[in-house]
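To keep things clear, I will list the structure first and then write my remarks on it.
Residue numbers start from 1 in every chain, and the chains themselves are labelled A, B, ... in the order their sequence lines are given, proteins ahead of strands.
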Protein chains: 2
Amino acid sequence: MTAQRRVVAEVLDGDHVHLTADEVHARAVDKLPEISRATVYNTLGELVSLGEVLEVSTDRRAKRYDPNAHKPHQHLVCAQCGAIRDVHPAGNPMADLPDAERFGFVVSAVEVTYRGLCPACAGA
Amino acid sequence: MTAQRRVVAEVLDGDHVHLTADEVHARAVDKLPEISRATVYNTLGELVSLGEVLEVSTDRRAKRYDPNAHKPHQHLVCAQCGAIRDVHPAGNPMADLPDAERFGFVVSAVEVTYRGLCPACAGA
DNA sequence: ATCCTACAATGGACTTTGTCTAGGTCAAGT
DNA sequence: ACTTGACCTAGACAAAGTCCATTGTAGGAT
């Protein structure tokens, strides 16, 4: 545990936090000015490998990092501004995929992304 | 309808086709050597706008284009080799998101991605 | 206390994917 | 034949992420 890693972990803390790597870097720099982009990427990669943080790719833009890895949830994304909310749908989509539709794959996860417009973008 | 657009449409034909823009370009070049990358991108963009082709972003790598736009389906993705299969799960994930979990969003679409290992990668 | 070694961090170059722009070509209409 | 406009082309550009050689650092060995 180095100062750099601690800072990255601190930045990624809280609910409904979905920062891009660059945003994480910008905030980390505020706390530790000499931290480099590569270190932020490395540390985020390690956190993802450890299962402490989830990677979320909702569009072609930058990956986002979600510290809320321990409570299963899905995402609701604004098609216009990119805002993300964590949501907790009912049902179990995993159970909806019959064996006949698995084509021999070992299925280990399912991701559900709801797309639409957030209140601000829908109103405008 | 120009020669270039016809070639792109021809390349994107068939079931379980999920090519990247570059792959589309490579195959288009086989049929029409002078076709440019920009034209492929433009044409794919138009096909997506017309609703003839779906854009699929399963990872941080290139977008893939799915000509099977008229039958609703979801995707099963190999975490290792990136292979994609179309699947047709039961249930309606849209109905699983209660109003209380919509946070005022106007939700218009839902995407489900099953992740796992394909038979080849799981066996190895 | 000093040196060694392993690991981590740094900065910058590089790659990949996609977009943009300036110019060229071609067909249709006048 | 000239103009117009849509389409295409090549290449420059941009964003996001990765890689690599070098530098720094912390802990153990001497």
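B:Val106 and A:Ala122 make their closest contact through CG2-CB, 3.9 Å (heavy atoms, listed as atom of the first residue, atom of the second, distance).
On the nucleic acid side, DNA chain D has its first and last nucleotide under 4.0 Å of a heavy atom of chain B at D:dC7 to D:dG17, going 5' to 3'.
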Q) Going 5' to 3' along nucleotides 23-29 of chain C, which nucleotides have protein heavy atoms under 4.0 Å from the base (write B), which only from the sugar-phosphate (write S), and which from neither (write -)? A) -------
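Following rounding to the nearest Å, A:Ile35 (CD1) and C:dG11 (P) show an atom-to-atom distance of 10 Å.
When the nearest nucleotides of DNA chain D are assigned to A:Arg64 and B:Glu34 by heavy-atom distance, the more 5′-ward of the two goes with B:Glu34.
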Please list, one pair per line, the donor and acceptor atoms closer than 3.5 Å that link side chains of residues 86-93 of chain B to other protein atoms, with sequence neighbours excluded.
unit_1	atom_1	unit_2	atom_2	d
B:Asp86	OD1	B:His18	NE2	2.7
B:Asp86	OD1	B:His73	NE2	3.4
B:Asp86	OD1	B:His75	NE2	3.2
B:Asp86	OD2	B:Asn68	ND2	3.4
B:Asn92	OD1	B:Met94	N	3.1

Which atom pairs, donor and acceptor, lie under 3.5 Å between side-chain atoms of residues 27-37 of chain A and protein residues at least two apart or in another chain?
unit_1	atom_1	unit_2	atom_2	d
A:Lys31	NZ	A:Glu10	OE1	3.3
A:Ser36	OG	A:Thr39	N	3.3
A:Ser36	OG	A:Thr39	OG1	3.1

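Qualifying salt bridge (Lys or Arg N to Asp or Glu O under 4.0 Å) partners for A:Glu55, counting only residues two or more places apart in sequence or in other chains: A:Lys63. Residues meeting the side-chain contact (heavy atoms from CB on, under 4.5 Å) test with B:Ala83, sequence neighbours left out: B:Cys78, B:Cys81. Applying the salt bridge (Lys or Arg N to Asp or Glu O under 4.0 Å) rule to B:Glu101 yields no partners; only residues at least two apart in sequence or on another chain are considered. Partners of A:Val17 by side-chain contact (heavy atoms from CB on, under 4.5 Å), not counting sequence neighbours, listed by chain and number: A:Leu12, A:Leu19, A:Pro67. Residues that satisfy the salt bridge (Lys or Arg N to Asp or Glu O under 4.0 Å) test with B:Arg61, not counting sequence neighbours, are B:Asp59. Listed by chain and number, the residues in a side-chain contact (heavy atoms from CB on, under 4.5 Å) with A:Thr2 are A:Gln4, A:Arg5 (sequence neighbours excluded).
The stretch residues 36-43 of chain A comes close to DNA chain D through A:Arg37, A:Ala38, A:Tyr41, each having a heavy atom under 4.0 Å from the strand.
Cluster partners of A:Val56 are absent, since no Ile, Leu, Val, Met, Phe, Trp or Tyr has side-chain heavy atoms less than 4.5 Å from it.
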